[in-house]
Structure formats: structure tokens, C-alpha cells
Amino acid sequence: MTPYFWLSLAIIVVGFVISMFRILREYERGVIFMLGRYYRVKGPGLILVVPLIQQMVKVDLRIRVLDVPTQDVISRDNVSVKVNAVLYFRVLDAEKAVINVEDFYAATSQLSQTTLRSVLGKHELDEMLASRDELNSDIQEILDEQTDNWGIKVTNVEIKHVDLDEGMVRVIARQAEAERIRRAKVIHANGEKEASQVLLEAAKTLSEQPQALQLRYLQTLTEVANDRSSTIVFPLPMDLIDSFINRNKDRT
């Protein structure tokens, strides 16, 4: 045998040995298959993979961010909205993530889109706008339950935008304006009611002490004089005014 043969053989053997060594980072795991059958999960650090006999599928265990595309949703009160969200998940079981599903990232993305439409379709528009935390929790719980068989943990779901058409925005603005007007009227009515009760109590107090009524007359005159007004008001008892009016009627 020529020296070239032995040199080639040595190179092949050295390359074969070197190819057996793999290095996995702290956040990576290697799912090992031996002759097509599942063998074990290895990593992190330096591992050995026998070429031609063993195959390795690398899995990243870090939290991944999945941007859920904008979905057309019809709410329970028949309002059409466009909603998008963001999903945070990570792989807890590398074996399940490789064996139980073909592409866990694509599967999680499709599942999140259908779940988003399904959950939001059960709620009214006001709930979508005001109760996002509860909706996020419901979506996360459903996704986490369905992806558990894939070895995936959904850590958080956040609804980013709820977009409405311009017509619906104007309707909501008119509704908010009407609600503000209603509250203003109610507050004004409650103020009038409280004021009437206070005036009633004051009238009862003044009726018990006629001197207090006379002092009130004098205080009113003082307030009018302080306003630099040319009008002077002389308070008169109501019974005197009534008798004066009746006399004028009799004369006529």
C-alpha cells in the first residue's frame, strides 16, 4: 500500500473522531436518536455523537417571542375589530418538542392565532378595551394547556392593539360624550337636592328665632353694599307684601 493510502486513512479517522465531539451552550439541549430511535437528551457542554449511527436535533430552551399576526375578530356584540398580540413561550421538555410535534414554533404560532380569535369572539367590545388583563390570562391558560403535550410552557400573552374603523371610533366618542353629559346632569341634580335640604334646615332654624332672620337681612344688605352696586334692597316681610297687594286689588 502506498503512503498516500495510509495518509488518507489517517485523515478519515481523525475527521471521524473530531466529528464525534459537539459543544452545546448552556441554553441548548441535544435530542439524540440512535438508528432512528430516541436515545436520550444530552447537554450542555461537550458531548459525543457517533456519526452515521446517531443523529442530534438541537433545541433552544430560551424564552422565545412570537408576534401573533393581526386577526379579524367579530365580537359578541357584532363589532368587527383587528387584534394582534405577542406571545412569550419556552421549551421545557426537549424530547416532547422534537418527537410530539413536527415544528413546535409554527404549531404554537397557528394555535395562538386560532385561540386569539376564539377567546375574543366570546367577549364584547367594551370588555376587549377595558379588561385586557383578564383576556390575556384566559388566552395564556388555554395555550398553556394545549401546548403542554409539546413540552412548551407559555409564560405570557399580551394583546397589543385593538384597531377599530373610523365609524366605530366616532360612535364610541359620541357614546362617551353622552355618558359625560349624563354624569354632569346627575351630579347637578344631586347638588340641587343637597342644597334644598340645607336650605330647608336653615329655614327651620330661622323660623324658630325671628331675630336671626333680621340679622340675616342685615348681612344681606352688607354684602350688597360691598359690591359697589347702586341698587339698594330693603327686605320686607312677606305678609306685609301680601296685604299691600290685596289692598291694591280692593281699590281697583
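From a predicted model like this one, the values you see are computed outputs, not experimental measurements.
Looking at heavy atoms from C-beta onward, R117 lies in side-chain contact with Q113 at the 4.5 angstrom threshold. Put simply, the side chain of Q54 does not reach to within 4.5 Å of the side chain of F33, judged on heavy atoms. Between F21 and L48 the shortest side-chain heavy-atom distance falls below 4.5 Å. Residues R64 and Y88 form no side-chain contact, since every pair of their non-hydrogen atoms from C-beta on lies 4.5 Å or further apart. Side-chain contact between N84 and V68 is absent, with no heavy-atom pair separated by less than 4.5 Å. Counting heavy atoms from C-beta outward, P51 and M20 have side chains that approach closer than 4.5 Å. The shortest distance between side-chain heavy atoms of F89 and L143 does not fall below 4.5 Å. With a 4.5 Å cut-off on side-chain heavy atoms, M56 and L24 count as touching.
Residues T114 and L111 share a closest heavy-atom pair of OG1-O, 2.9 Å. Considering every non-hydrogen atom in both L35 and Q55, the closest pair reads N-OE1, 4.5 Å.
A salt bridge links R182 with E179; the closest basic N to acidic carboxylate O contact falls under 4.0 Å. Salt-bridge annotation for R25 and D60: absent, with no side-chain N of the basic residue lying under 4.0 Å from a carboxylate O of the acidic one.
Taking a 6.0 Å sphere around CG of L46, one finds it holds more than 12 heavy atoms contributed by other residues, nucleotides or ligands.
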